[in-house]
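So the structure is just underneath, and the comments pick up after that.
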Amino acid sequence: MNRSLLLPLIAALTLAGCASVPPEDATGTGDGTAATDPQASASPPPSMTGNRAASDPPGSRQATDEAAPPDDLWERIRRGYAIPGHDNPRVARQFNDYASYGDYWLRVSRRAQPYLHPIVETLDDRGIPLELALLPIVESAFRPFAYSHGRAAGIWQFIPATGRHYGLEQNWWYDGRRDVLAATEAAVDYLSYLGEMFEGDWLLAIAAYNAGEGTVQRAIERNRRAGRPTDYWSLDLPEETMNYVPRLLAISELVADPERHGIELEPIANRPAVEQIELDRQIDLALAADLADIDMETLYRLNPGYNRWATPPTGPHRLLLPRDRARAFRARLAEQPDNAWMRWQRHQIARGETLGGIAAQYHITVDSLRSANDLDGALIRAGDHLLVPIASRPTGEYVMTAGARQQKTRNRQRDEGERRLYTVRSGDSFWSIAQRFGVGVRPLARWNGMAPGDTLGVGEQLVVWTQRGTGDPQPDRRARPGIAAGDRLQSVTYSVREGDSLYRIARQFNVSIDDLQRWNDLSADAYLQPGQSLRMRVDVTAQSSP
């Protein structure tokens, strides 16, 4: 395939995979933010006083509406600046840090290239200061697959609960927090809400985006009771939030005059770099890449919300494609027969099989099987057939699925000691495994592309980096109440975690969904609540061991 026309865009997208950029290197946070340097000068650079009039009220736009629209997107952002309050030592420290990052700015601006225009358009349409288009630099350095120890995902770094509150669906197939268009709409909704809550004081609104509105409101109330000022700079907030707002202000100063401050930004045209294609049903992403004449990695980086090898059975099915490929994609797709969009396999149900077991066999979800076969519950009959959606290519060709990205992280060579493998057992947690190997919980999760709050599956193989010469891990002396030596079945009580489903728990403990329902008097569509206790009978011989 001829991809010569795509080279600039593909190069920009490929650079998004760089996990090692100066802010992360300098702090080890891994979340795209930079800690303050205690040795940095507290004197504001001269440029930091000249971008706004001191009389500009919070939330006001500069008077540039009559000027011709700029050709450069960075210039459009500058014209939309409207947040005062840069003359503060905390901003100066962050400014000095970010100004020293060298090539970081070129990498970040290249990553931003396909995403920045829709962000600016959305903010502009809502009348929100355009400095906030730079917030993903603070949050994720515009890395679409960024994932923090607090389970925040995507360029806007939504945690699961806030994402769901703002309509970002999260399931096995799809994570709306990483969908750039969906997450941008959600982020702007949230920022707009915060801007109204704090009556146009965007410094307080940005602080609340980081710490939560309750945290900021309580800090304001404490100052009010003590007779102290209630502006952002006077509040006692968490350390991260004390640095968060100054980071954005410092970044906006650098973007305001990059040449003067010795940084280089990739030029970005003030027009869309990508086009949205709305499809009416599920499509294999390998087929989509072929029809668009782009490689799989480019497709996934433009559509980072998709976790697997196809769009979700129930949607969304939209695709972002380079603008110069959209027309040809539509024409080629129209020539495809309906049965070419997805590959299907007929599976004859054997006696004793369950939907959960069949789903696990084909590496899909129970809900996908139900949807594909128009099933309401879990009842299936031996001898009947099910249609099973399967990938059209070998798994390794879908290079940026959730599983592929996680495995790439686990395979990465590090300078942190000796690489060991550990197979997760029933009852394990990140904390218990970290204790056995004498390592930290956060590093252990990071080595495996996970967060400490993520659920571990029995039989899952984790990478552990131990100090050389530390020998074997500590023996596992966890008590196993109610189990006599030689017993094959073990009674287990499991506390439901956020994000759990019957399918996920059944797969983790190698039991059937039908048994889980029977043991706990649950219906097929039962909704599990975090903290709910489930009873199980687990075959210890069917569980993996280290």
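Along the sequence shown, the residues carry numbers beginning at 1.
For the atom pair CE (M342) and CG (L287), the distance works out to 10.0 Å, reported to the nearest 0.5 Å. We find the CZ-CG distance between F430 and L462 to be 6.0 Å, quoted to the nearest 0.5 Å.
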Output, in order, the C-alpha distance, side-chain angles, deciding distance and verdict of ring-ring contact (aromatic ring centres under 6.0 Å, His included) for H347 and Y362. CA-CA 10 Å; H347 175 92; Y362 289 97; 5.5 Å; yes
Checking W309 against T401 for the side-chain hydrogen bond (donor to acceptor under 3.5 Å, both in side chains) test, could you report, in this order, the C-alpha distance in whole Å, the side-chain angles of both residues, the deciding distance, and whether it holds? CA-CA 7 Å; W309 45 267; T401 63; over 6 Å; no
Could you go through L516 and R535, starting from their C-alpha distance and side-chain angles, then the distance that decides it, and tell me whether this counts as side-chain contact (heavy atoms from CB on, under 4.5 Å)? CA-CA 8 Å; L516 267 182; R535 300 183 304 277; over 6 Å; no
Between R178 and D175, is a salt bridge (Lys or Arg N to Asp or Glu O under 4.0 Å) present by the stated rule, with each step listed? CA-CA 6 Å; R178 292 199 310 270; D175 192 335; 3.7 Å; yes
Salt bridge (Lys or Arg N to Asp or Glu O under 4.0 Å) between R330 and E275, worked out: CA-CA 11 Å; R330 289 191 177 96; E275 186 169 328; 2.8 Å; yes
Start with the C-alpha gap between D338 and R281, add the side-chain angles, then the distance that decides, and say whether salt bridge (Lys or Arg N to Asp or Glu O under 4.0 Å) holds. CA-CA 10 Å; D338 289 350; R281 60 188 181 277; 2.9 Å; yes
Checking N448 against Q406 for the side-chain contact (heavy atoms from CB on, under 4.5 Å) test, could you report, in this order, the C-alpha distance in whole Å, the side-chain angles of both residues, the deciding distance, and whether it holds? CA-CA 7 Å; N448 291 279; Q406 188 176 68; 5.6 Å; no
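No donor-acceptor distance shorter than 3.5 angstrom exists from the side chain of R420 to the backbone of V464, with no hydrogens or angles considered. N307 places a side-chain N or O within 3.5 Å of a backbone atom of W172 that can act as its donor or acceptor partner. Judged purely by atom type and a 3.5 angstrom limit, D284 uses its side chain to pair as donor or acceptor with the backbone of S392.
Residue pairs that meet the salt bridge (Lys or Arg N to Asp or Glu O under 4.0 Å) test with at least one member in residues 388-397, sequence neighbours left out, are D290-R393, R393-E397. The salt bridge (Lys or Arg N to Asp or Glu O under 4.0 Å) analysis of residues 352-362, with sequence neighbours excluded, yields no pairs.
With sequence neighbours excluded, no residue satisfies side chain to side chain contact (heavy atoms under 4.5 Å, CB included) with D374. By the side-chain hydrogen bond (donor to acceptor under 3.5 Å, both in side chains) test, Y166 is found to be paired with no residue, residues two or more places apart in sequence or in another chain being considered. For N303, there are no side-chain hydrogen bond (donor to acceptor under 3.5 Å, both in side chains) partners at least two apart in sequence or on another chain. Every residue two or more places apart in sequence or in another chain that forms a side chain to side chain contact (heavy atoms under 4.5 Å, CB included) with L387 is listed here: W344, R346, N373.
Inspection of the Y190 and E213 side chains reveals an N or O donor paired with an N or O acceptor under 3.5 Å.
Between F437 and Y422, the gap from one ring centroid to the other is short of 6.0 Å.
In this structure, R410 forms no cation-pi arrangement with W447, as its terminal cationic atom is not both closer than 6.0 Å to the ring centre and no more than 45° off the ring axis.
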